[in-house]
Protein chains: 2
Amino acid sequence: MMVTINDIAKEAGVAKSTVSRYLNNGSVSPRTKQKIDEIVKKRGYKPNTFARSLKAQKTNMIGVIIPRLDSPSTNEVLSGIDSRAHEKGYQLIITNANQEKEREIEDIYTLAKQKVDGIIFLAKEITAEHRKAIWDIELPFLVLGQHTKDIPSIVHDDYGAGKKIARHALELGHKEFLYFTVSKEDEAVGQDRYNGFMDEITKEGDAVVHSIETSFTMREAHQTAMEELPGTKASFVIGATDTIALAVMKAASELDLSVPEDISVAGYGGYDLFSFMTPALTTVKYPYFGIGDMAIDTIEKMIVKGEVPESQILSNELVIKETTKKN
Amino acid sequence: MMVTINDIAKEAGVAKSTVSRYLNNGSVSPRTKQKIDEIVKKRGYKPNTFARSLKAQKTNMIGVIIPRLDSPSTNEVLSGIDSRAHEKGYQLIITNANQEKEREIEDIYTLAKQKVDGIIFLAKEITAEHRKAIWDIELPFLVLGQHTKDIPSIVHDDYGAGKKIARHALELGHKEFLYFTVSKEDEAVGQDRYNGFMDEITKEGDAVVHSIETSFTMREAHQTAMEELPGTKASFVIGATDTIALAVMKAASELDLSVPEDISVAGYGGYDLFSFMTPALTTVKYPYFGIGDMAIDTIEKMIVKGEVPESQILSNELVIKETTKKN
DNA sequence: ACACATTATGGAACCGGTTCTATTTCAGTA
DNA sequence: TACTGAAATAGAACCGGTTCCATAATGTGT
């Protein structure tokens, strides 16, 4: 059935070690080389990556664990990871944990058994169980998006992003705010962004902030917004992600509030996918694609040099569009 | 370093074949079983999936080739594939061909060398080179989204979708149309949808359709729309995908055309992600998630039973929202 | 207690490659 | 022509498992 190195060797009348040498770069005489060449072409021989990896103890595969597939930020990061991985000759095994912690843990072990060379984890939260798994597998492991003590990570400047939005809002003269946040379990999104915002906003003595927790999904965020918007006196609404901000805008439209005339809206993310929406959303743009690139470069260093890099922080920028205006 | 079956066997004082039998389900006496049990737990032994697959000639991995990561439809399909694959104990290797034909071909071979059990291909186009690769690798291969002679596929009823939009537009009394299509190379999106639309629309003798080709990306579609919309007399615009329709809406807004008052807009897709946009887009909703489920079920049959299934067609439904109104 | 069927176990071969070592081949040099 | 060193090759061992086969240890019925 499948043609193996033995078949080639037999047909060429040489030892399989010679064929192996031919395949790699060892010394083979021009004559044998040519002979093997022909046979390999004729039979369409492709070495079995599995058998090869077994001996090499290296698969050239990088495992990526993502929390969900239907998120624009995840997709942009993934695109970045993918394009750089391809450049460098790594194959990606992407596993979707579907926002379930158990599956994340399970996936860490599965990827380890699969003998990936390293794992990149787009994290929501790092619990003690995560730490145990990461420790257990003894593999290069890189966390994206959440700062984690003792584990290499690449994070966004979420705190700074919060401050930027606050500053912008204050400059526009707003005094009362409605902040849709997410669970504090997600430190980056649920705490850092919020804290940055609050620390900056309270510099202005008379600012009032109402905050309410919702979820990452548009559906739930929309529902929360439908409940909260009617009673609010806030003139400026912040969504902890662009997706949430979008859900707020949808709700506003259904409630006959126009954005930004009646109410300003801002978010965090700056996804390409949403950049064509009307009206265009004021947001803090994160370098999602770039974080992917950096992730591959970093994990590669960990794999080949065994380096344990410091945690890296990426900056972001405020992008003022059409959903915010003077109060 | 990594603990192997030999280490366990030695420590337990048994042959490695016994440990192997213990791991699988062979007959092992209660006493040995318990002894091995302890040691496995203590040492945190995890069998090497690679070595296992080498003998078993089966990896429990399914390769998925996608054209791009930043597309809502791709992501919904992928979510469906992923959730079903997980249920059935398959691991996914997802490779992103980044819309390049060469990478698609390359990925087919790479996945084959990786010894995946089967490949699911989210296709844009199937060329002769694709066919050769698919033929070469001799693996269960399933095409999604494009009908292909002699290769098992699951496709959408794109022709029917086109007809549905046409019928809806006619019922609203529209006479003049602007259709943003894509390259004919993509048969499903570029031809079938369009043909369905045309066949239905021309039943009304006096309908006029202007069609123009653009690309799948929002950016390019937006630019095309900015060029085409100003001069048009059409009262109804169709985008070959929801993404294109969205770009059209963006352009309309920038040109001070209001939707649907000045112009109606419709698309194809019905992505969850866009369902919260304002105004909500009239579209044909495709069962993207379901196609993923079906894909795994089908490829599994191909893998375990060696069946070669017939091409399957999925139906879709018109969802009338806010972007279309009477003329 | 004895023949006979089961179950448990060890050893070896195998999966498809890579790599180490020993041997052969072939030049180049004295 | 004989000698030496480098290049080419064959053969065996190995990677970490599974599986087949033969043997050993149990258990059953009479």
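Reminder, nothing fancy here: chain letters follow the sequence lines and each chain counts from 1.
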Distance, rounded to the nearest Å, where B:R21 contributes CZ and C:dT9 contributes C1': 6 Å
Is it the case that D:dG16 (base atoms only) and B:K55 (side chain only) share a donor and an acceptor within less than 3.5 Å, ignoring hydrogens and angles? no
In whole angstrom, what separates A:Q114's CD from D:dG16's P? 17 Å
Among D:dG17, D:dT9, C:dG16, find the nucleotide with the atom closest to the side chain of B:T4. D:dG17
Could you check whether any side-chain heavy atom of A:E125 comes within less than 4.5 Å of a side-chain heavy atom of A:T127, counting everything from C-beta outward? yes
Please state how far atom CZ in A:R31 lies from atom P in D:dA7, giving the value in whole angstrom units. 18 Å
For D:dG16, take OP1 and OP2 only and decide whether either is under 4.0 Å from a side-chain N or O of A:Q57. yes
If you check the A:T32 side chain, which of D:dT9, D:dG17, D:dA12 turns out closest? D:dT9
So, does A:S27 get its side chain near the phosphate of D:dA8, meaning an N or O under 4.0 Å from OP1 or OP2? yes
Should B:S20 be listed as having a side-chain N or O under 4.0 Å from OP1 or OP2 of D:dT18? yes
Give a yes/no on whether any side-chain N or O of B:Y45 is located under 4.0 angstrom from OP1 or OP2 of D:dG17. yes
D:dA8 OP1/OP2 closer than 4.0 Å to side-chain N/O of A:T18: no
Of the candidate nucleotides C:dC15, D:dC15, D:dT19, which contains the atom at the shortest distance from the side chain of B:L54? C:dC15
Can you find a side chain N or O atom of A:S29 that sits less than 4.0 Å from OP1 or OP2 on D:dT9? yes
To the nearest angstrom, the NZ-P distance between B:K16 and C:dA13 comes to 12 Å
Please work out if A:V14 contacts a base, only the sugar-phosphate, or nothing of the nucleic acid, heavy-atom cut-off 4.0 Å. sugar-phosphate
If only side-chain N and O atoms of A:N24 are considered, is one of them under 4.0 Å from the OP1 or OP2 phosphate oxygen of C:dT18? yes
Find the distance B:I5:CD1 to D:dC14:C1' and express it as a whole number of Å. 16 Å
Taking the side chain as everything from C-beta on, heavy atoms only, tell me whether A:L142 gets closer than 4.5 Å to A:I154. yes
Round to the nearest Å and state the distance from B:N6 atom CG to C:dG10 atom C1'. 13 Å
Check whether any side-chain heavy atom of B:L122 sits under 4.5 Å from a side-chain heavy atom of B:I120, and report yes or no. yes
Ignoring hydrogens and geometry, is there a side-chain-to-backbone donor-acceptor pair from A:N48 to B:K115 under 3.5 Å? no
Return the value, rounded to whole Å, for the distance between atom CG of A:N48 and atom C1' of C:dT18. 13 Å
Quick one, B:E104 and B:E129 - any side-chain contact, counting heavy atoms below 4.5 Å? no
Rounded distance in Å - CZ (B:F50) to C1' (D:dT18): 17 Å
